[in-house]
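Because the structure is a prediction, the values reported are computed rather than measured.
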Amino acid sequence: QAQLVESGGGLVQSGGSLTLSCAFSGGTFTDYTLGWFRQAPGKGRDYVAVVDWSGRTQYYTDAVRGRFTISRNNAKNTVYLLMTSLKPEDTAVYYCAARDSRNPSTLEPDFASWGQGTQVTIFS
């Protein structure tokens with residue numbers, strides 16, 4: 001099973017930007033679909049963005065489309081989430097997840113490997 005380690009969370013003012021990184025190990029990176037999910041206080045974990053194995057196709061939930069960009073560097077076994085125009089409602093713990101398939105999915109149960117999460121807090 002893949003191991004994932006997120007970094008880059010923090011405290012940012014509304015309107016600012018932040019980039020999250022997720023380092024992957026324990027498998028062949030290009031066999032995996034990668035995604036970012038988030039869990040706000042008192043809520044369930046929700047899909048944010050997914051990138052296919054090649055990096056050429058990305059999927060976004062409506063709440064972040066146009067503000068967030070998911071990308072991956074297959075030479076560095078790393079996936080990124082660039083977050084811009086941040087809003088207080090983006091405050092959450094952000095999780096990196098890996099699906100052992102080149103067939104993309106945005107469904108949480110389809111992702112077997114998860115990082116420990118990184119806190120993102122946006123203040124007004």
Side-chain angles (χ1 to χ4, degrees):
Q1 190 164 348
Q3 291 83 51
L4 303 168
V5 179
E6 302 99 336
S7 61
L11 184 65
V12 176
Q13 190 169 19
S14 181
S17 301
L18 201 60
T19 299
L20 305 183
S21 300
C22 175
F24 171 101
S25 62
T28 301
F29 190 57
T30 51
D31 286 344
Y32 286 76
T33 295
L34 276 295
W36 288 95
F37 293 74
R38 67 186 180 185
Q39 186 167 19
K43 297 186 178 181
R45 191 158 56 185
D46 296 323
Y47 142 73
V48 175
V50 163
V51 62
D52 79 338
W53 70 273
S54 69
R56 289 192 290 267
T57 304
Q58 304 87 35
Y59 306 84
Y60 299 96
T61 192
D62 288 346
V64 309
R65 187 174 292 110
R67 299 189 297 121
F68 290 12
T69 303
I70 188 171
S71 62
R72 62 191 291 165
N73 185 325
N74 286 346
K76 294 185 177 181
N77 286 10
T78 302
V79 61
Y80 305 95
L81 185 68
L82 169 62
M83 305 184 292
T84 65
S85 301
L86 284 161
K87 305 174 182 180
E89 51 263 45
D90 294 318
T91 294
V93 178
Y94 283 71
Y95 296 90
C96 177
R99 165 172 162 78
D100 188 5
S101 170
R102 288 188 170 188
N103 183 24
S105 172
T106 62
L107 301 177
E108 181 180 347
D110 290 341
F111 289 78
S113 301
W114 293 83
Q116 80 286 354
T118 186
Q119 176 70 47
V120 172
T121 303
I122 312 303
F123 64 94
S124 301

Report the residues that fulfil ring-ring contact (aromatic ring centres under 6.0 Å, His included) with [X], sequence neighbours left out, ordered by chain and then residue number.
| X | result |
| --- | --- |
| Tyr95 | none |
| Trp53 | none |
| Phe29 | Phe24 |

Within one Ile-Leu-Val-Met-Phe-Trp-Tyr cluster: [X] and [Y], side-chain cutoff 4.5 Å:
| X | Y | value |
| --- | --- | --- |
| Val93 | Trp36 | no |
| Trp114 | Leu81 | no |
| Val12 | Leu82 | no |
| Val120 | Phe37 | no |

For Ile122 and Glu89, run side chain to side chain contact (heavy atoms under 4.5 Å, CB included): C-alpha distance rounded to whole Å, both residues' side-chain angles, the deciding distance at 0.1 Å, then the answer. CA-CA 8 Å; Ile122 312 303; Glu89 51 263 45; over 6 Å; no
Provide the full list of side chain to side chain donor-acceptor pair (under 3.5 Å) pairs with a residue in residues 40-51, sequence neighbours left out, each pair given once. Arg45-Glu108
With side chain to side chain donor-acceptor pair (under 3.5 Å) as the rule and sequence neighbours excluded, what pairs involving residues 3-24 come up? Glu6-Gln116
How would you list all residue pairs meeting disulfide bond (SG atoms under 2.5 Å apart) that involve residues 34-70, not counting sequence neighbours? none
Applying disulfide bond (SG atoms under 2.5 Å apart) as the test, list every pair that has at least one member in residues 95-124; sequence neighbours left out. Cys22-Cys96
First locate atom OH of Tyr59, then atom OG1 of Thr106, and finally report the distance between them rounded to the nearest 0.5 Å. 9.0 Å
Distance in Å, Ile70 CD1 paired with Gln58 CD, rounded so as to fall on 0.5 Å steps: 8.0 Å
Applying side chain to side chain contact (heavy atoms under 4.5 Å, CB included), can you list everything that pairs with Asp62, at least two apart in sequence or on another chain? Arg65
State which residues pass side chain to side chain contact (heavy atoms under 4.5 Å, CB included) with Asn73; sequence neighbours excluded, sorted by chain then number. Ala75, Lys76, Tyr80
What I'd like to find out is whether the side chain of Thr30 reaches to under 4.5 Å of the side chain of Arg102, using heavy atoms alone. yes
Less than 4.5 Å apart, side chain to side chain, heavy atoms only: is that true for Thr78 and Arg72? no
Can Asp52 and Ser54 be counted as having a side-chain donor-acceptor contact under 3.5 angstrom? yes
Which residues, ordered by chain and number, are linked to Leu107 in its hydrophobic cluster, where ILVMFWY side chains connect at heavy-atom gaps below 4.5 Å, directly or through other members? none
When clusters are formed from ILVMFWY side-chain contacts under 4.5 Å, directly or step by step, what else is grouped with Leu11? Phe123
Sorted by chain and number, sequence neighbours left out, side chain to side chain donor-acceptor pair (under 3.5 Å) with Asp90 holds for Arg38, Arg67
Report the residue from Leu34, Val50, Leu4 that forms a side-chain contact (heavy atoms from CB on, under 4.5 Å) with Phe111. Val50
